[in-house]
Structures are given as C-alpha cells and as structure tokens.
Participant: 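Right, I'll just put the structure down here and ask away after.
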Amino acid sequence: MSDETVPPAEFRILLALVDGPKHGHAIRLEVRDRTRGRVDLGPGTLYGAIKRLARRSWIREVAPPAGREGDGRRRFYELTQDGREAASEELARLAELMDMAAAKSLRPAGEA
C-alpha cells in the first residue's frame, strides 16, 4: 500500500462514481447529499479535481448512459480500474488511522 494520500475532494468524487457514471453536477449533488450539506464542492474544486483524476487515469469521460443524452453539454465520467484500486487503497489507509485512534480510545466527535 502506498503512503500517498488522496485529497478529500478527489476521494469523494471517486466514491461518487463507484456505483456508475455521473456528470459533474450529479457528482456535486451526491457529495453534498452524502455529507448532509457539510461539503459542497464548488465548480473550481470539482472540475479541477476531475481534471487531476482524469490525468491520473483514475476516471475517464464516457458517453452519456442511454436516455441521459440531454443537451450535450454535460460530460459523464466513470471510475476506471486504477481509480477503484486507488479508492480502495485510500479506504485502507483511513481504516488504519481509525484503528490507531480507536486503540487510543479516541472517538469521532459526538460519539460516546
């Protein structure tokens, strides 16, 4: 496992794409919904992260799914195998940190 971390915005995008292709705005909405509004990726953060992930070949642009063609302005992205592996490695890294914290009886705020 690499010691390299995946920035939070990029990790959230990878997670949003685990269950299938989405366009940028749908990614933004999923992140916002899953964080109960605590994280709302602005356009600069979102599309900058998408570009970095595409450069790393962790995501790729794909044709819109059938019936979702729309007006042609929306670009759809999907997770690649390399992206799935990167997300899994980041998840393992975070789980290791959680285990270390639990061993020291440190709990997330609000948990007894």
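Bear in mind the structure is a predicted one, so any value in this text is a computation, not a measurement.
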Participant: For I50 and I27, what are the C-alpha separation, side-chain angles and deciding distance, and is it a side-chain contact (heavy atoms from CB on, under 4.5 Å)?
Facilitator: CA-CA 10 Å; I50 285 173; I27 293 169; 4.3 Å; yes
Participant: Test your reading of the model: is there a side-chain donor-acceptor pair from T45 to the backbone of L41, 3.5 Å cut-off?
Facilitator: no
Participant: Check the pair E96, D99 against side-chain contact (heavy atoms from CB on, under 4.5 Å), reporting the backbone distance first and the verdict last.
Facilitator: CA-CA 5 Å; E96 180 182 48; D99 290 346; 5.6 Å; no
Participant: Looking only at non-hydrogen atoms, find the nearest pair between T35 and V39 and report the distance.
Facilitator: OG1-N, 3.0 Å
Participant: To the nearest 0.5 angstrom, please state how far the CG atom of L14 sits from the CG atom of L91.
Facilitator: 11.5 Å
Participant: Nearest 0.5 Å, what's the CD1-NZ distance between I59 and K51?
Facilitator: 11.5 Å
Participant: For W58 and V6, what are the C-alpha separation, side-chain angles and deciding distance, and is it a side-chain contact (heavy atoms from CB on, under 4.5 Å)?
Facilitator: CA-CA 11 Å; W58 289 359; V6 178; 4.0 Å; yes
Participant: Using a strict 4.0 Å threshold on nitrogen-to-oxygen distance, state whether E90 and R93 make a salt bridge.
Facilitator: yes
Participant: Under the side-chain contact (heavy atoms from CB on, under 4.5 Å) test, which residues partner V18, sequence neighbours left out?
Facilitator: L79, R84
Participant: With a 4.5 Å cut-off on side-chain heavy-atom distances among I, L, V, M, F, W and Y, is there a chain of contacts connecting V62 to Y47?
Facilitator: no
Participant: Please check this pair: side chain of R32 against backbone of D40, looking for a donor-acceptor N/O pair closer than 3.5 Å.
Facilitator: no
Participant: Under 4.5 Å between any side-chain heavy atoms of I13 and Y77, yes or no?
Facilitator: no
Participant: Can you name the closest pair of heavy atoms from P108 and M98 and give their distance?
Facilitator: CG-CE, 4.5 Å
Participant: Distance from R60 atom CZ to T80 atom OG1, nearest 0.5 Å?
Facilitator: 6.0 Å
Participant: Would you say the side-chain atoms of R52 pair up with the backbone N or O of G48, donor to acceptor, closer than 3.5 Å?
Facilitator: yes
Participant: Assess whether side-chain contact (heavy atoms from CB on, under 4.5 Å) is satisfied between L15 and R34, documenting all intermediate values.
Facilitator: CA-CA 10 Å; L15 291 176; R34 295 223 179 239; over 6 Å; no
Participant: Could you tell me which non-hydrogen atom of K22 sits nearest to which non-hydrogen atom of A16, and how far apart they are?
Facilitator: NZ-O, 2.6 Å
